[in-house]
Chemist: 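Dropping a structure here in structure tokens format, bear with me for questions.
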2 protein chains.
Amino acid sequence: MLATLKDVARLAGVSVKTVSNVVNGYSFVKPDNRRRVEEALEATGYRPNLGARNLRRGRTGFIALVLPELSIPYFAELAGLVIAAAQDHEWNVLIEQTFGTLAGERSALASLGPHLVDAAILSPEALQVDDFQLPVPAVLLGEHAVDVPISRVGIDNVAAAQAAVRHLISLGHQRIAAIGAHPHRGTAALRLEGYRRALAEASLPFVDELVVPALNYHRADGAAAMRSLLDLRTPPDAVFCFNDLLAIGAMRAAGERFVRVPQDLAVVGFDNNEESVYSSPSLTSVAPDKAAIAQAAVALLHRRVESGDALENVETPFSLQVRESTVAR
Amino acid sequence: MLATLKDVARLAGVSVKTVSNVVNGYSFVKPDNRRRVEEALEATGYRPNLGARNLRRGRTGFIALVLPELSIPYFAELAGLVIAAAQDHEWNVLIEQTFGTLAGERSALASLGPHLVDAAILSPEALQVDDFQLPVPAVLLGEHAVDVPISRVGIDNVAAAQAAVRHLISLGHQRIAAIGAHPHRGTAALRLEGYRRALAEASLPFVDELVVPALNYHRADGAAAMRSLLDLRTPPDAVFCFNDLLAIGAMRAAGERFVRVPQDLAVVGFDNNEESVYSSPSLTSVAPDKAAIAQAAVALLHRRVESGDALENVETPFSLQVRESTVAR
DNA sequence: CTGAAAGCGCTAACAC
DNA sequence: GTGTTAGCGCTTTCAG
């Protein structure tokens, strides 16, 4: 098997403490001993047993990332960035998929014993107030669906949605639909509010039939919603979708009815997936700074775990990426 | 803090051994004791400390999944399925991103001490023979770029590529390009071989200028490759791309030159990403059974870790999904 | 069937 | 500066 601290100590002719000191870079070690230990370390190929170290230190070396599904590009991209950010703090990331269901989210939280992870990053969609009895420090990505005392990292969703709809209005669109309303999702409510404000400031009417709910935010849901909009007596001339997948589905449905984007229908998405840069037409989208979100979330948790800092909310920047789905090339 | 075995034992008035027996479902425990222990378990909300358990058992409870990048849809989808499959074997999954570089892959392997994970699933792109001195049982997804004694799970890449190109030939295409050749990637070599065989069996010539290499397999690489093909004196009438991202990029580049897909140019991809179902036009693609790959890989590792089984190779099924990029609707 | 006790590999008092 | 030693929480002989 692998060498232990004791093996190294024996080989170097010193005690485990000295070896431990060298390995952890503590205090001063007599140069002579240091050299001998380093040679022994090299000779044995010693690698610390993280499990034992963490058991002793009372930490695990892991953080959990709880998200709906890795097959959703936004979360896949985010997960990659969280893993990279966690490395800077010597954390490994454990990914739990909830599939956006309450049961899935509860079971993910339940599996999150304090023995498994030091902290958690959550992207909940269905959790309720009672569920937030977390055994470890946590940070929410996105919005508080309910009012609960947990740190949060994310963009200003109202302002971002407003910017998207303003863009459509500035292009002369008057009958602007929204896809993605959802009764319990905090993020959906805020994006709807941004949509509402942009209409109001341009003195455009808020038309109920133009706001289409979506239970899920997959491409198929966007396509279905778009079809229902195209079936209206007066279809919209533009549509703001609450994420890029909905927008991709909407554009697909439009194409199937020979509705041209952007000439007949302008489309804006949200998330700025890589996919959206290469779609035909490419998709105008609200672009949250995902790297900033990932880094802020991990850094915040690190502060909380290390120094027991208080709750905090971090607002990260966003921008609007204008592409062919609103402005023909 | 949280209750330990000792706390539970004290409360139930028994020894830790008895509690441990109950928790682990071992042997027979006197009904009376069992009841008392169960009550104490309930009262304290006891949750075993995985770190301590694993330290004792000499296992970690984790497997590593080493892949290029989560922002690549194929790997994101696969990762989701591996996580689900690992749950069935009480394993948590640790994802390491290599970004497809040799340095990244080496550092991922190095961090894989036997103390961190029980086993590993690898999707290497650049590793060399010497690198395969793994400290834990491992399984390769995709192909052996080099000849090393490691288990492998994946589809028959030659047959799959051949099926894709046969499909193009059956549609009457004669001048079929290939995008994605790569000097060191085993998978690329096999797909190229399938392409070559399909041409040969139809007595079509193998034309060097129609085979375009791609250093990376991102959308931008597909677009660049397609542009070079469209610049040829006689451009191809069909193109087989070694993954869907290349194909999406190729279709985008074709559209920018007003080349119509599939009328002027038929396109086939590989991987069957969800994205490809909703692109315009939707993309014909070779569809590996990703769930089967994930399950086979995890199950194989479980057998090796538990019973020290020998190396084995598992071949998983695939199918060809025909869509609008080869057959107009 | 159950209890006592050893020890997985590591860190951190506490002595020297 | 360095050695000795006591645990972190758990599983597991080994007695009884």
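Hydrogens, waters and symmetry mates play no part in the numbers below; they use all other heavy atoms, side chains included.
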Chemist: Can you say whether the rings of A/His89 and A/Trp91 are parallel (under 30°), tilted (30 to 60°) or perpendicular (over 60°)?
Modeler: tilted

Chemist: So, B/Asp118 and B/Thr60: side-chain donor and acceptor under 3.5 Å apart, yes or no?
Modeler: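 Yes, a side-chain donor-acceptor pair sits under 3.5 Å.
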
Chemist: Nearest to the side chain of B/Lys17, which nucleotide is it out of D/dC10, C/dA4, C/dG9?
Modeler: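 Comparing D/dC10, C/dA4, C/dG9 against the side chain of B/Lys17, the answer is C/dA4.
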
Chemist: As a test of reading the structure: which of D/dG3, D/dT11, C/dC10 is closest to the side chain of A/Pro48, going by heavy atoms?
Modeler: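 The answer is C/dC10, which lies nearest to the side chain.
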
Chemist: CG of A/Leu5 versus P of C/dC10: gap in Å, rounded?
Modeler: 4 Å

Chemist: Between CD of B/Gln295 and OG1 of B/Thr316, what distance do you get to the nearest 0.5 Å?
Modeler: 11.0 Å

Chemist: What contact category does B/Asn54 fall into here, base, sugar-phosphate, or nothing, at under 4.0 angstrom with non-hydrogen atoms?
Modeler: nothing

Chemist: Without decimals, in angstroms, what is the distance between A/Arg10 CZ and D/dT4 P?
Modeler: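 Going from CZ in A/Arg10 over to P in D/dT4 covers 13 Å.
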
Chemist: Look at the side-chain N and O atoms of B/Asn21 and state whether any lies under 4.0 Å from the OP1 or OP2 oxygen of C/dC1.
Modeler: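 No, B/Asn21 has no side-chain N/O under 4.0 Å of OP1/OP2 on C/dC1.
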
Chemist: Taking for each residue the nucleotide of DNA chain C bearing the nearest heavy atom, is the 5' side occupied by B/Thr18 or by A/Leu50?
Modeler: B/Thr18

Chemist: Given C/dG3, C/dC10, D/dT2, identify the nucleotide with an atom nearest to the side chain of A/Ser15.
Modeler: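 When the side chain of A/Ser15 is considered, D/dT2 is the closest of C/dG3, C/dC10, D/dT2.
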
Chemist: Set out, in order, the CA-CA distance, both residues' side-chain angles and the distance that settles side chain to side chain contact (heavy atoms under 4.5 Å, CB included) for B/Val29 and B/Val37, then state yes or no.
Modeler: CA-CA 10 Å; B/Val29 177; B/Val37 170; 5.8 Å; no

Chemist: Between atom CG in A/Leu55 and atom P in D/dA6, what is the gap in whole Å?
Modeler: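 About 18 Å, once rounded to whole Å.
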
Chemist: As a test of reading the structure: which of D/dG1, D/dC10, C/dT11 is closest to the side chain of B/Thr4, going by heavy atoms?
Modeler: D/dC10

Chemist: By nearest atom, which of the nucleotides D/dT2, D/dC8, C/dC8 is closest to the A/Arg56 side chain?
Modeler: D/dC8

Chemist: If you assign each of B/Ala52 and B/Val16 to its closest nucleotide in DNA chain C, which residue comes earlier from the 5' end?
Modeler: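 Comparing both residues, the 5'-ward one is B/Val16.
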
Chemist: Between P on D/dT2 and CZ on A/Arg35, what's the gap in Å once rounded to a whole number?
Modeler: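 Taking atom P of D/dT2 as the reference, CZ of A/Arg35 is at 13 Å.
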
Chemist: Taking the six-membered ring for Trp and the single ring otherwise, decide whether the centroids of A/Tyr74 and A/Tyr217 are under 6.0 Å apart.
Modeler: no

Chemist: Among C/dT2, D/dT4, D/dT11, which nucleotide has an atom closest to any side-chain atom of B/Arg57?
Modeler: D/dT11

Chemist: Expressed in angstrom and rounded to an integer, what is the separation of A/Asp7 atom CG from C/dG9 atom P?
Modeler: 8 Å

Chemist: Atom NZ of B/Lys6 and atom P of C/dA6: how far apart are they, to the nearest Å?
Modeler: 14 Å

Chemist: Grab the OH-C1' distance between A/Tyr46 and C/dT11 for me, whole Å please.
Modeler: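 Value for this atom pair: 10 Å.
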
Chemist: If you check the B/Asn49 side chain, which of D/dG9, D/dT12, D/dG3 turns out closest?
Modeler: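 Looking only at heavy atoms from C-beta outward on B/Asn49, the closest nucleotide is D/dG9.
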
